[in-house]
Structures are given as C-alpha cells and as structure tokens.
Amino acid sequence: MINTVRGTKDIIPAMVSDWHFVESVFRNTSKLYAYQELRTPIFEKTEVFSRSIGDDTDIVNKEMYTFKDKGDESITLRPEQTAALVRAVIQNGLDRESSNLRLYYIGPYFRYERPQKGRLRQFHQYGAESIGSPNPEADVEILLLANKVIKELGISDYKLLINTLGTENSRQNYKNALIEYLNQNKESLSEESQSRLQTNPLRVLDSKSEKDISIIEKAPVILDYLDEESANHFNTVTKLLDAVGVKYVIQPKLVRGLDYYCHTVFEFQSSVLGAQDSFGGGGRYDGLFAQLGGKPNPAVGFAMGIERILLILEAMKITHKEESECDVYVVCGNKELSIYANQIAEIFRNKGARVISDINRRSMKAQFKEANRLNARYSVIIADEEVSRNSVIVKNMASSEQQEIEISKLEEFEI
RNA sequence: GCGGUCGUAGCUCAGCAGGUAGAGUACCAGAUUGUGGCUCUGGUUGUCGCGGGUUCGAGCCCCGUCGAUCGCCCCA
C-alpha cells in the first residue's frame with residue numbers, strides 16, 4: 001500500500017463540508033471588507049522567499065522545499081503567501097491602479113518540518129493584506145477583519161496578543177539595549193538562546209526554556225524604546241481597537257519570526273491547540289516592497305492556519321456536516337426498467353433535486369436501505385405494474401406515505 | 001534536527017507464558033419471492049506498519065526503518 005508523504009493528509013469527503021464552511025466564512029467575510037481574492041502559483045523562484053523572509057529564520061534556513069528544475073533554476077514551494085503576493089502585486093502593477101489594495105487568499109503552503117498535531121508539511125492558510133496605507137487605521141482594519149472571521153467561524157475562546165516592533169530606528173535602539181542586557185547574563189542563558197543572541201536577538205524573548213524565562217522577565221521592554229512616531233502609531237492602534245470594542249492583550253515579548261515585520265505585530269492564540277497554540281498572526285511590513293524590488297509601499301496583513309482552525313472547531317464540537325446528500329432516491333424494480341430510472345432521475349435533477357439512481361442492480365430492499373442510510377427525503381419506485389400505466393410511485397421516506405403519479409406529471413411534483 | 005509514547009479488520013479496540021488472530025461497529029445476504037428505519041440469523045474483510053534477527057515457533061522479545069502522536073525547535 002502506498003501512503004501519503006509524511007506530513008501530508010487527504011481531506012476525505014466526511015471532512016470536506018467543514019472545509020467548505022470555513023472557506024465560505026473566509027470568502028464572505030473578506031467581501032464584507034471589500035477584499036478581493038488573489039491567487040499566485042504554488043511555486044516561485046527561491047529568491048522571492050529568501051530575500052524577504054530572512055536568512056536567519058528557520059523557514060529559510062531549513063524548512064523550504066527547494067529544488068532545481070530541469071532548466072537549473074532554483075524553485076521553492078511557497079512556505080507562506082505574503083512574499084509571493086507582494087511579488088505578484090509588483091509584477092502586475094496592481095499597486096499603480098489604486099492607492100489601496102485589499103487582497104485575500106486561501107491555499108496550500110509547504111514547510112519541511114517535523115509533523116505534529118496542527119503542524120503539517122502541506123498545510124493551508126487563509127490571509128488578507130492591506131497594501132498602500134502607512135496608517136494605524138489600516139492595521140486596525142486588518143485586525144477587525146481577522147477578528148470578524150474568527151467570530152463568524154464560531155470561535156469564542158481565544159486571545160489576541162499585540163505588540164509593536166516600532167520603526168527601524170527604535171527597533172535598532174531596543175535591539176542594542178537587549179543585546180547589552182543579554183550579554184550581561186549570557187552565562188545563564190540556554191545554549192540555543194546564546195546562539196540566537198548572535199543571529200536574531202529579538203527571538204530570545206520567545207524562548208520557553210526555564211533557564212531563560214527569569215532572565216527574559218527582567219529584560220528591557222520595547223515599549224520603553226519607542227521613538228515618537230512608533231509610539232504614536234501603536235497608541236493609535238490600541239485607541240482605535242478600544243473604540244471598536246476589539247479585545248486584546250499587549251504582549252511586549254511578542255516577536256514574530258519573520259524579518260520583514262515592523263510596527264504592529266499580533267497573534268491569535270487558542271488554548272485547545274497545545275504547543276502550537278497560535279492559529280493566526282501577522283503584522284505590518286512597510287519595507288517588503290522595496291526589498292523585493294518594487295517602489296516602497298507600506299502594508300499590513302495576517303494569515304490563519306486552516307488545519308488549526310478546524311482543530312479548534314472540532315474541540316468545540318462545531319461541525320457543519322450535511323444531514324443528507326440526497327433528496328430523491330430512484331428505486332428500480334429490475335434491470336429491464338433501468339431505462340426509465342435515468343429518465344426519471346433527470347426529471348428531478350432538472351428541478352434542482354439531488355438524485356441517486358441505483359447502479360448496482362440490487363434488490364429493492366437493498367435500494368431502500370441505501371435510500372434510508374443516505375437520509376433521502378423521497379424515493380421514487382419504478383416497477384412493472386405502474387410503468388405499464390405510465391406512472392411511478394413517489395414515497396415520502398419520513399412518513400412512509402406513497403402515491404402513484406403519472407410520469408408526465410412528475411415535473412409538477414413539489415419536493 | 002533531538003527526546004518520550006504508540007502502530008492489530010473500513011472505524012473503535014481486545015489479545016499473551018512467545019504456540020499459527022478476536023469483539024463491537026460498518027458492510028453484504030436472508031427471515032419479509034414489489035418497500036427502508038427496530039429485531040433476529042448467517043457471511044466477507046487482515047501481508048498484526050515495513051525489513052531483518054533470536055526461537056522448533058513471534059502480533060507479542062531484540063535491532064533497524066517508516067508513520068502517527070506529545071514535547072523541544074519553529075511557526076499557521
């Protein structure tokens with residue numbers, strides 16, 4: 001037997017209705033905020049990601065599916081959408097058509113990681129990006145959309161953590177102060193944090209190692225190092241969130257993994273997910289357009305993990321399975337009558353009913369059992385005696401009432 | 001990439017001192033020779049994750065490997 005590749009999963013029919021539900025929430029809610037869908041290829045030139053996400057991040061370092069194609073070009077299966085979306089916006093000149101772009105996306109992404117619950121090598125994300133505004137109003141619009149989506153999904157128990165990384169300047173000042181502090185305590189830090197102190201000191205704040213936690217607690221806080229512009233931006237974001245009633249928790253140690261973030265960063269967490277407790281996150285990335293060769297263009301966005309959302313819904317026992325896939329089951333008395341079965345099935349399908357006509361040549365009893373199992377509302381019975389009178393029997397499966405109806409009158413039958 | 005737990009019918013699981021595999025459910029058929037849902041009766045299904053080793057004999061022991069899961073790392 002051949003199985004799926006490690007870290008990948010089939011989405012079987014029993015799961016698809018829940019996928020359709022979350023996808024429809026994403027699409028409908030995005031529309032409410034006038035966001036339009038953008039779709040980009042599944043793979044890109046490697047530099048799209050290596051130039052944007054950051055060489056010191058794990059995503060670029062060890063998690064990308066990268067290979068040489070037959071033209072010897074380095075190709076990467078997209079590990080996230082933002083960088084590729086920015087590339088697409090620049091390439092198609094979308095940012096020249098209007099001062100604001102509001103885009104959303106749904107699709108598969110790929111990271112070579114150790115699989116775990118809620119972490120797959122092929123996973124799916126929904127996300128949205130607001131491009132063109134440097135103002136806190138854009139950050140808040142994005143947060144409102146994300147928050148609305150979560151509410152519409154039916155998720156009630158979650159936390160929104162927010163923080164600011166400030167401008168390049170204030171981040172640099174803070175970084176220096178943090179490095180100085182961490183260096184003073186270097187001996188007591190975990191090995192990993194010591195090495196991250198060299199490569200990406202901000203990330204030390206994320207550490208869950210017991211050794212680090214007490215040190216991190218006393219570490220300088222970025223909020224104390226914000227310049228005026230950064231502080232104004234962040235204060236306006238929180239003020240606007242308060243005004244519109246979005247609940248949040250300021251988490252000064254929240255540092256998102258990707259290099260391109262600045263100013264507002266945020267994360268949505270749910271306690272039902274275990275170690276991977278984040279089911280969505282995002283932030284502002286004003287420098288990314290320039291990094292990818294476009295004209296500078298401020299932007300802010302978020303992404304959510306669909307598999308993690310489905311895990312939350314499952315834990316909450318929220319499901320959207322169809323009660324029935326079939327409205328009418330056509331029961332055929334014997335195989336000589338199957339010529340009528342298809343004709344009659346089509347009559348009901350033309351009326352918009354979902355119809356199954358037996359294709360197994362099984363006994364009528366077996367066909368009824370099937371109709372019952374599928375929760376069909378009606379069965380239509382085709383049998384010699386009635387067919388000789390040009391009619392069939394229509395049976396209401398719930399009440400067991402049945403009536404003989406002329407085939408020519410079936411079109412008028414109300415189902 | 002590192003560590004813990006686990007891997008038996010489609011699904012949920014049992015199995016023991018190492019002696020050639022079982023239950024429930026699902027599915028199929030019959031009881032009811034033109035009619036479902038309840039009940040009863042009967043039936044099908046397994047390379048016991050894969051490969052190797054120990055043994056007269058391994059689902060059970062040993063090694064390796066693959067996969068799942070939990071944690072680390074990182075992130076959605």
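First the proteins, then the strands, lettered A, B, ... as listed; each starts at 1. Computed from heavy atoms alone, side chains included, the values below leave out hydrogens, waters and symmetry copies.
- Look at the P atom in both B/C66 and B/C13: the space between them is 25 Å, to the nearest Å.
- Judged by distance alone, with hydrogens and angles left aside, A/Lys395 brings a side-chain donor or acceptor within reach of the base of B/U35, the pair sitting under 3.5 Å.
- One can find a donor-acceptor pair under 3.5 Å joining the base of B/C75 and the side-chain atoms of A/Arg308.
- Side chain A/Arg111 to base B/A76: a donor-acceptor pair is found below 3.5 Å.
- No hydrogens or angles considered: nothing links the side chains of A/Glu37 and A/Ser30 as a donor-acceptor pair under 3.5 Å.
- Within 4.0 Å of A/Arg373, counting heavy atoms only, lie sugar-phosphate atoms of the nucleic acid but no base atom.
- The side chain of A/Ile393 lies closest to B/G34 when the candidates are B/G34, B/A76, B/C70.
- A distance of about 6 Å separates the C1' atoms of B/G19 and B/G57, rounded to the whole Å.
- Rounded to whole Å, the distance from CD on A/Glu267 to P on B/C75 is 9 Å.
- On the P atoms, B/A21 is 9 Å away from B/G59, given to the nearest whole Å.
- Judged by the 6.0 Å and 45° rule, A/Arg102 forms no cation-pi pair with A/Tyr33.
- Side-chain contact annotation: A/His233 with A/Asn135, donor-acceptor N/O pair under 3.5 Å absent.
- Separating the P atom of B/G51 from that of B/C56 is a span of 23 Å, rounded to the nearest Å.
- Annotation: B/G22 and B/A14 have their C1' atoms spaced 7 Å apart (nearest Å).
- On the P atoms, B/C40 is 12 Å away from B/A26, given to the nearest whole Å.
- Salt bridge status for A/Arg119 with A/Glu307: absent, with no side-chain N to carboxylate O gap under 4.0 Å.
- The phosphate of B/C75 has OP1 or OP2 within less than 4.0 Å of a side-chain N or O from A/Arg203.
- Residue order along RNA chain B, read from the 5' end via each residue's closest nucleotide, puts A/Lys9 first among A/Lys9 and A/Met304.
- Heavy-atom nearest nucleotides on RNA chain B were determined for A/Tyr112 and for A/Val5, and the one closer to the 5' end corresponds to A/Tyr112.
- An OP1 or OP2 oxygen of B/U35 is reached within less than 4.0 angstrom by no side-chain nitrogen or oxygen of A/Gln367.
- B/G64 and B/A76 have their C1' atoms separated by 34 Å, given to the nearest Å.
- A cation-pi arrangement, defined by a distance under 6.0 Å to the six-membered ring centre and an angle within 45 degrees of its axis, is present between A/Arg78 and A/Tyr109.
- Look at CD on A/Gln194: it is 15 Å from P on B/C73, rounded to the nearest Å.
- Counting atom types as modelled, A/Glu386 pairs a side-chain N or O with a base atom of B/G34 as donor and acceptor under 3.5 Å.
- A cation-pi contact, defined as under 6.0 Å to the ring centre and within 45° of the axis, links A/Lys395 to A/Phe368.
- Residue A/Arg6 has a polar side-chain atom (N or O) positioned under 4.0 Å from OP1 or OP2 of B/A68.
- You can call A/Phe123 stacked on the base of B/A76; the centres are under 5.5 Å apart and the planes sit within 30°.
- B/U25 and B/U45: their C1' atoms are spaced 14 Å apart (whole Å).
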